[in-house]
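We count ligands from 1, going down the list as the structure has it; atoms in each ligand are counted the same way.
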Amino acid sequence: MALEIIRSIREMQSIADNLRFDKKRIGVVPTMGYLHDGHASLIQAASDISDSVIVTLFVNPKQFAAHEDLSRYPRDFDKDCKIAEQAGAHFLFAPSDEEMYPNGFATSISISGITQKFEGFFRPSHFDGVATVVTKLLLATKPHIAVFGQKDYQQTLVIKRLVADLNLDVEVYIKPTIRETEGLAMSSRNVYLSETERIQSLVISQAVTDAYTAVESGERNREQLNTILKTTLLSIEHIEIEYAVTANAETLEEPDIFTETESIVFLIAVKIGSTRLIDNAVWNPRQTN
Ligand code: AMP
């Protein structure tokens, strides 16, 4: 079946109703487009566990601050259609800004706690924008499952919180970060990087790898782990670190010393030139049985 492009929320909802009437399991993959292999892996994962896959493509203005890269965010609609279809999508839901936020739109979904630090600190209204658009996209596509990438780690926690708190009837799946062969996490924003910056940006995945290795060797001191992250990042010039932190992977709390049984996440946001990049890695304590 060829990829069907849907622009209207009403039409999307009526398609979803029909699919549900036909007992089809709907999987959705929300994206901002300019799709790469990371997005494709989520679409493939959705198609493995559902009958009808909807990819949403919407560059959500509400999750960008005024000074951020909304107007230059990369777009390639035809290529996105091809990638989505090849990866197993049946529908591409690509509404306009006016369709999503018509005149008079006044609602915002705000989540407290985990949204306040790290990404939320540097991008204060970002997670409200994410929570609002994800809720609208779920209401438009009525999925049984929704697939997100670990690449946006804090976002995955926010979405799980949103789904739990609002009793949204959807199962959330988180899939691993897909990387270039040298380690750089794939991102639509990588297209902004010059050749030199692309090479420099390898320190980001290297930093989380170094910290992960340290935890594997028994390091549990948060300051020490943060120092490892920062030392690797600062091995190149012209890098601006927004945050390079180690936290409890479920709560984002930052104890001085991690216990032997807690999951740990390393979270990084840096600017290389004018490009803002994020990455993370999660360390889980081994099962002892
Ligand atoms: P975006 O288009 O950047 O909003 O991302 C849409 C979805 O794709 C989000 O759930 C991201 O976490 C996920 N994603 C982005 N980059 C990657 C990647 N390199 N590997 C896996 N998933 C990704």
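Counting atoms of ligand 1 from 1 in the listed order, those under 4.0 Å from a heavy atom of F148 are 10 (O). Counting the atoms of ligand 1 from 1 in the order shown, those under 4.0 Å from a heavy atom of T31 are 2 (O), 6 (C). Within the listing of ligand 1, atoms 19 (N), 20 (N), 21 (C) sit less than 4.0 angstrom from a heavy atom of T177. In the vicinity of G149, heavy-atom distances shorter than 4.0 Å reach the ligand 1 atoms 9 (C), 10 (O), 11 (C), 12 (O), 13 (C), 22 (N). Residue contact check: P30 has heavy atoms under 4.0 Å from atoms 6 (C), 7 (C) of ligand 1. Close approach to P176 involves these atoms of ligand 1, each under 4.0 Å from a residue heavy atom: 20 (N), 21 (C). For ligand 1 and M186, the ligand atoms under 4.0 Å from any heavy atom of the residue are 16 (N), 17 (C), 18 (C), 19 (N).
Scanning the protein for heavy atoms near atom 23 (C) of ligand 1, the closest one is K151 CB, 3.9 Å. Scanning all protein heavy atoms for the shortest distance to atom 11 (C) of ligand 1 gives D152 OD1, 3.1 Å. Counting protein heavy atoms only, atom 20 (N) of ligand 1 is closest to I178 N, 2.8 Å. Remark: minimum distance from atom 13 (C) of ligand 1 to any protein heavy atom is reached at L42 CD1, 3.5 Å.
Remark: side-chain polar atoms of R220 are paired, donor with acceptor, to backbone N or O of V215 under 3.5 angstrom. Counting only distance, with no hydrogens or angles, the side chain of R10 and the backbone of A140 share no donor-acceptor pair below 3.5 Å.
Between K271 and E242 there is a salt bridge, since at least one side-chain N of the basic residue sits less than 4.0 Å from a carboxylate O of the acidic one. Taking the charged nitrogens against the carboxylate oxygens, R25 and E171 do have a contact shorter than 4.0 Å, which makes a salt bridge.
For the residues M32, Q155, H39, R179, the heavy atom positioned nearest atom 4 (O) of ligand 1 is part of M32.
For residues 128-138, the side chain to side chain donor-acceptor pair (under 3.5 Å) pairs, not counting sequence neighbours, are S110-D128.
Of the residues E254, R222, E262, E253, the one that meets the side-chain hydrogen bond (donor to acceptor under 3.5 Å, both in side chains) test with N248 is E262.
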Could you pull out all donor-acceptor pairs under 3.5 Å where a side-chain atom in residues 55-66 meets a protein atom, sequence neighbours excluded?
| unit_1 | atom_1 | unit_2 | atom_2 | d |
| --- | --- | --- | --- | --- |
| N60 | OD1 | K62 | N | 3.3 |
| N60 | OD1 | Y101 | OH | 2.6 |
| N60 | ND2 | Q63 | OE1 | 3.0 |
| N60 | ND2 | G129 | O | 3.0 |

> Under the salt bridge (Lys or Arg N to Asp or Glu O under 4.0 Å) criterion, do R276 and E240 qualify, and how do the steps go?
Replying inline: CA-CA 9 Å; R276 186 175 188 278; E240 183 189 327; over 6 Å; no
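Residue contact annotation: K175 has no non-hydrogen atom under 4.0 Å from ligand 1.
The proximity of Q150 to ligand 1, defined as any non-hydrogen pair under 4.0 Å, does not occur for either the backbone or the side chain.
Counting heavy atoms of neighbouring residues, nucleotides and ligands inside a 6.0 Å radius, atom CZ of F122 exceeds 12 of them.
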